[in-house]
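As structure tokens, the structure follows; a few thoughts come after it.
Order of the sequence lines fixes the chain letters, A, B, ..., with proteins taken first and strands second; residue numbering starts at 1 for each chain.
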Amino acid sequence: MKEQIIQAIAEAMQQLSSDGKIQGEFTGEAQVTRCKDPTHGDYASNIAMAYAKKISLAPRQLAELLSDQLNTHKLFEKVEIAGPGFINFFIAQKNHTRVINNILSEKNNFGNNKDGHGQSIQLEYVSANPTGPLHVGHGRGAAYGATLANLYKANGYQVHREYYVNDAGRQMDILATSVWLRYLELCGTEFTFPSNAYKGDYIWDIAATAHRTHANKYLVDPASFRETLPKDEPEGGDKEAYIDALIAVAKDKLGPQGYTAFFDLAIDTILTDIKDDLHLFGVDYEQWYSERSLFKSNKIDNVIEKLKASNHVYEKNGALWFASSKLGDEKDRVVVRDNGQPTYFASDIAYHVDKFSQGYSKIINIWGADHHGYIARVRAALKALDLDDSKLDILLVQFANLYRGNVKQQMSTRSGEFVTLRALRKEVGSDAARFFYVMRKSEQHLDFDLELATSTSNENPMYYVQYAHARICSVLRQSEQALNRESLDDLENLLSQDSEHSLMQKLTDYPELIATSCKKQSPHLVVNYLRELAQKFHGYYNETQFLVDSQELRNARLLLIESTRQVLANGLTILGVNAPDKM
RNA sequence: GCGCCUGUAGCUCAACUGGAUAGAGCAUCGCCCUUCUAAGGCGGGGGUUGCAGGUUCGACUCCUGCCGGGCGCACCA
């Protein structure tokens with residue numbers, strides 16, 4: 001609809017200039033916006049104010065020329081001038097009711113477009129370290145990423161969703177060692193658990209599995225190594241050095257095979273849990289990309305060789321440094337430590353190089369806000385390797401703080417004191433959680449109050465939208481006549497109330513909303529839209545009886561609310577939220 | 001100190017990337033169920049958009065400077 005108006009304005013401007021009424025030729029595009037105030041019509045344009053200066057006319061003069069020209073257009077009922085030179089458009093009623101036909105024809109596809117035709121997008125999100133269950137902080141990235149993926153699909157893009165699994169490195173060793181130590185306790189030995197190990201209950205569970213499988217096969221008396229260890233932090237030592245020493249002990253005592261057994265058991269258990277958890281949250285992936293696979297396929301070595309070949313690295317203090325400060329980063333970064341181990345950054349470079357080799361039109365990473373310091377170095381690496389870093393979009397999602405009433409909840413995986421995503425889903429349900437997470441724009445800090453979301457769940461705005469859907473379903477169930485779409489021509493006369501007009505306006509906006517919220521990567525706009533649509537419906541419901549005696553009128557109203565139901569369902573599908581038939 | 005995000009009604013947030021009288025929900029006050037789901041609707045009260053300048057027909061939005069909040073500045077992942 002908006003496009004048609006923009007088109008009409010452009011034509012009118014060209015007509016005016018070829019008639020010699022205005023100077024020069026019109027270039028550019030008119031800006032058209034939806035009016036808030038119904039007395040201003042359906043749409044308004046500021047074209048007269050924006051363009052008048054260029055052709056040295058008063059805005060109102062240009063507006064008058066334009067409105068004379070446009071008043072004859074069949075799209076409009078009338079065109080008026082207001083204020084300093086706004087042009088207000090009143091859409092002909094016939095063009096309002098047309099949206100009903102469109103929705104009922106296109107059904108689930110209404111609102112979709114082909115903007116992204118032929119383009120593919122790789123979307124990486126969540127990618128939390130598999131050192132424990134997902135907590136509520138991860139939930140936001142999951143909901144945001146999944147919704148964004150749906151939006152891109154609705155806009156015609158091919159979407160490849162990916163989870164990068166950090167299954168290599170020291171954190172994994174700490175995890176494996178934590179499990180082994182708990183296993184030793186289950187075997188009946190006594191050993192003070194390290195302050196820097198993973199303390200969550202899930203470690204006990206994994207250790208119990210190990211004990212069931214292997215019995216006492218990997219039992220080692222702590223007395224045999226206790227004396228060789230440095231002091232842990234509570235005893236005045238260094239917790240990092242202490243845990244490193246324990247990792248070494250674990251590797252030594254267990255041997256490669258035994259250590260791998262614990263390592264693999266730990267990561268497999270946790271990863272399975274994460275996959276299951278996300279799946280139940282409606283969050284799925286095309287690919288789970290393993291960091292370890294980068295080592296096995298030598299992709300990390302290859303990338304380091306390339307950096308060496310292009311003179312972007314140098315040695316200092318026994319380590320290999322990447323000169324990222326020359327490419328926009330604030331300082332240089334280590335890629336290989338003095339002990340010969342590549343850093344996490346090194347595998348991250350290799351991973352991104354691999355992403356770029358797949359030929360996607362666009363690559364999107366969704367990261368937590370705490371990773372923003374990382375952006376510059378990744379971009380620097382891409383530049384150093386001659387890759388077009390403008391293809392990469394890094395979207396930061398601000399923190400979600402979890403409150404229970406006024407008490408802020410901890411979210412540290414290491415300490416084991418956190419609320420899991422799984423627990424959250426159980427408390428508030430997947431639908432409410434998905435809805436709540438994307439309700440705010442991603443750059444906004446999100447306070448997630450569990451007490452509010454659970455104890456007073458009726459106040460949750462999600463119910464408001466779902467309720468509208470269920471209400472419509474209920475009315476349609478009770479209507480005994482089948483919807484008749486043959487009489488669509490009469491709709492313009494039958495649906496003439498203000499509430500109907502305003503509902504149709506809102507429905508007309510939906511396709512544009514899907515396009516905009518995708519372009520702006522802002523799922524929260526979908527939430528806002530659905531709340532507004534539901535609000536208009538609830539108002540209509542209270543004001544108007546649908547199941548009236550007149551078959552014609554009843555049919556017209558039912559066609560309108562069925563269209564509304566369809567759009568509510570389409571929008572909720574984008575959000576990954578159910579549209580219930582009854583509540 | 002530097003960088004990213006942020007400051008709008010009592011609270012939580014919008015505002016169609018510069019448009020008309022800044023809007024919703026919660027909370028509060030008053031109405032509406034013998035009628036299709038009251039998890040709903042209608043109405044009232046509540047604002048110097050952190051502060052001070054600037055840009056222009058027009059600023060919550062853009063620019064500059066302050067003030068406040070969050071996060072990040074590792075040979076950690």
Side-chain angles (χ1 to χ4, degrees), chain A residues 2 31-37 39-40 44-46 49-50 52-53 58-59 82-86 88 129 131 166 168-172 174 240 291 316-321 330-331 333-339 341-345 347-348 368-376 396-399 401 439-447 449 452 456-464 466-468 470-479 509 512-513 516-517 519-520 522 524-525 527-529 531-532 534-535 537-548 554 557-558 561 582-583:
Chain A
K2 209 180 248 190
Q31 199 187 342
V32 172
T33 53
R34 178 61 92 182
C35 295
K36 292 172 207 156
D37 183 344
T39 64
H40 292 145
S45 179
N46 63 354
M49 288 175 290
K53 210 199 294 182
F86 286 105
N88 292 336
N129 286 352
T131 53
N166 291 118
R170 182 164 166 268
Q171 293 306 318
M172 289 296 114
I174 297 179
E240 305 291 349
E291 183 185 2
K316 191 176 101 185
N317 301 336
L320 192 67
W321 294 70
E330 45 185 45
K331 57 173 113 167
R333 311 288 174 179
V334 172
V335 282
V336 181
R337 291 195 284 262
D338 58 4
N339 64 8
Q341 288 290 310
T343 57
Y344 173 85
F345 179 45
S347 38
D348 221 27
D370 53 337
H371 284 68
H372 81 257
Y374 226 78
I375 298 175
L396 295 178
V397 177
Q398 294 295 321
F399 268 40
N401 292 316
M439 209 161 63
R440 310 273 152 74
K441 57 179 167 194
S442 53
E443 311 93 76
Q444 191 87 33
H445 301 119
L446 173 70
D447 288 338
D449 187 344
L452 194 87
T456 60
S457 62
N458 290 357
E459 291 158 14
N460 193 314
M462 179 202 60
Y463 289 92
Y464 186 77
Q466 288 188 326
Y467 183 48
R471 254 185 163 177
I472 295 172
C473 290
S474 170
V475 173
L476 292 171
R477 269 196 299 275
Q478 285 167 71
S479 156
D509 289 344
E512 193 196 331
L513 166 92
T516 333
S517 47
K519 275 182 206 133
K520 295 170 78 169
S522 302
H524 77 278
L525 295 176
V527 174
N528 292 346
Y529 173 87
R531 291 169 74 174
E532 287 159 12
Q535 183 177 38
F537 167 75
H538 286 308
Y540 182 40
Y541 179 95
N542 272 270
E543 176 206 81
T544 308
Q545 183 80 20
F546 305 140
L547 301 176
V548 290
R554 167 196 282 229
R557 289 178 177 167
L558 291 181
I561 64 168
K582 50 179 80 161
M583 289 172 74

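Between the side chains of A/S347 and A/E291, at least one donor N or O lies within less than 3.5 Å of an accepting N or O.
Residues passing the side-chain hydrogen bond (donor to acceptor under 3.5 Å, both in side chains) test with A/Y540 are A/E500, sequence neighbours excluded. For A/R34, the side-chain hydrogen bond (donor to acceptor under 3.5 Å, both in side chains) criterion is met by A/Y43, A/D509, not counting sequence neighbours. Partners of A/E543 under the salt bridge (charged side-chain N to carboxylate O under 4.0 Å, His left out) rule, at least two apart in sequence or in another chain, do not exist in this structure. Looking at residues two or more places apart in sequence or on another chain, you find a ring-ring contact (aromatic ring centres under 6.0 Å, His included) between A/Y529 and A/Y510. Taking the side-chain contact (heavy atoms from CB on, under 4.5 Å) definition, one finds that A/Q341 meets it with A/R337, A/N339, sequence neighbours left out. A search for salt bridge (charged side-chain N to carboxylate O under 4.0 Å, His left out) contacts involving A/E512 returns A/K2, not counting sequence neighbours. Applying the side-chain hydrogen bond (donor to acceptor under 3.5 Å, both in side chains) test to A/E330 and every residue at least two apart in sequence or in another chain returns nothing. For A/D338, there are no side-chain hydrogen bond (donor to acceptor under 3.5 Å, both in side chains) partners, not counting sequence neighbours. Applying the salt bridge (charged side-chain N to carboxylate O under 4.0 Å, His left out) test to A/R170 and every residue at least two apart in sequence or in another chain returns A/E240, A/D244.
Projected onto RNA chain B by closest heavy-atom contact, A/F86 and A/Y467 fall at different nucleotides, the more 5' of which corresponds to A/F86. The nearest heavy atom of RNA chain B to A/H40 and to A/R477 marks one nucleotide each, and the one closer to the 5' end goes with A/H40.
For the pair A/S517 (side chain) and A/L525 (backbone), a donor-acceptor distance under 3.5 Å is absent. Under the 3.5 Å distance criterion, the side-chain polar atoms of A/H538 are left unmatched by any main-chain donor or acceptor of A/Y467.
Distance noted for atom C1' between B/C60 and B/U6: 14 Å (whole Å). Taking atom C1' on both B/G1 and B/U48, the two are 34 Å apart, rounded to the nearest angstrom. Atom name C1', nucleotides B/C63 and B/G47: the rounded distance is 25 Å, in whole Å. Between B/A14 and B/G25, the distance separating the two C1' atoms is 10 Å to the nearest Å. For the C1' atom pair drawn from B/U56 and B/U61, the interatomic distance equals 14 Å after rounding to whole Å. Look at the P atom in both B/G58 and B/A24: the space between them is 28 Å, to the nearest Å. Using P as the reference atom, B/A59 and B/G53 are 14 Å apart when rounded to the nearest Å. B/U34 and B/A39 have their P atoms separated by 15 Å, given to the nearest Å.
Among the heavy atoms of the strands, none lies under 4.0 Å from A/A52. Counting non-hydrogen atoms under 4.0 angstrom, A/A468 reaches nothing in the nucleic acid. Residue-level contact check: A/N88 touches the bases, meaning some heavy atom is under 4.0 Å from a base atom. Contacts of A/Q341 with the nucleic acid, taken as non-hydrogen atoms under 4.0 Å apart, are absent. Residue A/T544 is classed as a base contact, given a heavy-atom separation below 4.0 Å to a base.
Nearest approach of A/I561 to A/V475, heavy atoms of both residues: CD1-CG1, 3.9 Å. A pairwise comparison of heavy atoms in A/R471 and A/N542 identifies NH1-ND2, 4.0 Å as the closest pair. For A/R557 against A/V548, the heavy-atom pair with the smallest separation is NH1-CG1, 3.9 Å.
Pair assignment for B/C11 gives B/G25, based on Watson-Crick or G-U wobble hydrogen-bonding distances that are each under 3.5 Å. Remark: B/U55 base-pairs with no nucleotide in the shown strands. Criterion, Watson-Crick or G-U wobble with two distances under 3.5 Å. Searching all strands for a Watson-Crick or G-U wobble partner of B/C2 with both distances below 3.5 Å returns B/G72.
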Distances under 3.5 Å only, N/O to N/O: pair up the protein atoms with those of nucleotides 29-35 of chain B.
from	atom 1	to	atom 2	distance (Å)
B/U35	O2	A/Q545	OE1	3.2

Sub-3.5 Å pairs of nitrogen or oxygen atoms, protein against nucleotides 14-16 of chain B:
from	atom 1	to	atom 2	distance (Å)
B/A14	OP1	A/K441	N	3.3
B/A14	OP1	A/Q444	OE1	3.4
B/A14	OP2	A/Q444	OE1	3.3
B/A14	O2'	A/N528	ND2	3.0
B/A15	OP1	A/H524	NE2	3.4
B/C16	N4	A/R34	O	3.2

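Distance, A/H538 NE2 to B/G40 P: 7 Å, rounded to whole Å. Atom OH of A/Y463 and atom P of B/A38 are 18 Å apart (whole Å). Atoms OH (A/Y541) and C1' (B/A38) sit 9 Å apart, rounded to a whole Å. The nearest whole Å value for the distance from the CG atom in A/L396 to the C1' atom in B/C4 is 7 Å. Distance, A/K582 NZ to B/A39 P: 16 Å, rounded to whole Å. Remark: P of B/A24 and OH of A/Y529 are 17 Å apart, rounded to the nearest angstrom. When the C1' atom of B/A39 is taken as reference, atom CD of A/Q535 falls 15 Å away, rounded to whole Å. In this structure, the CD atom of A/Q31 is 8 Å from the P atom of B/G18, given to the nearest Å.
Out of B/C36, B/G19, B/U37, the shortest distance to the side chain of A/L547 is found at B/C36. The side chain of A/Q398 has B/G70 as its nearest neighbour among B/A39, B/C36, B/G70. Nearest nucleotide to the A/R471 side chain, out of B/G40, B/A24, B/C5: B/G40.
In this structure, the aromatic ring of A/Y464 is not positioned over the six-membered ring of the base of B/A39 within 5.5 Å between centres and 30° between planes.
Here A/Q478 reaches the OP1 or OP2 of B/U37: one of its side-chain N or O atoms lies under 4.0 Å away.
Base orientation of B/C33: syn (glycosidic angle within 90° of 0).
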- Task: Assign a letter to each nucleotide of nucleotides 72-77 of chain B from its 5' end: B, base within under 4.0 Å of a protein heavy atom; S, sugar-phosphate only; -, no contact.
- Result: SSSBSB
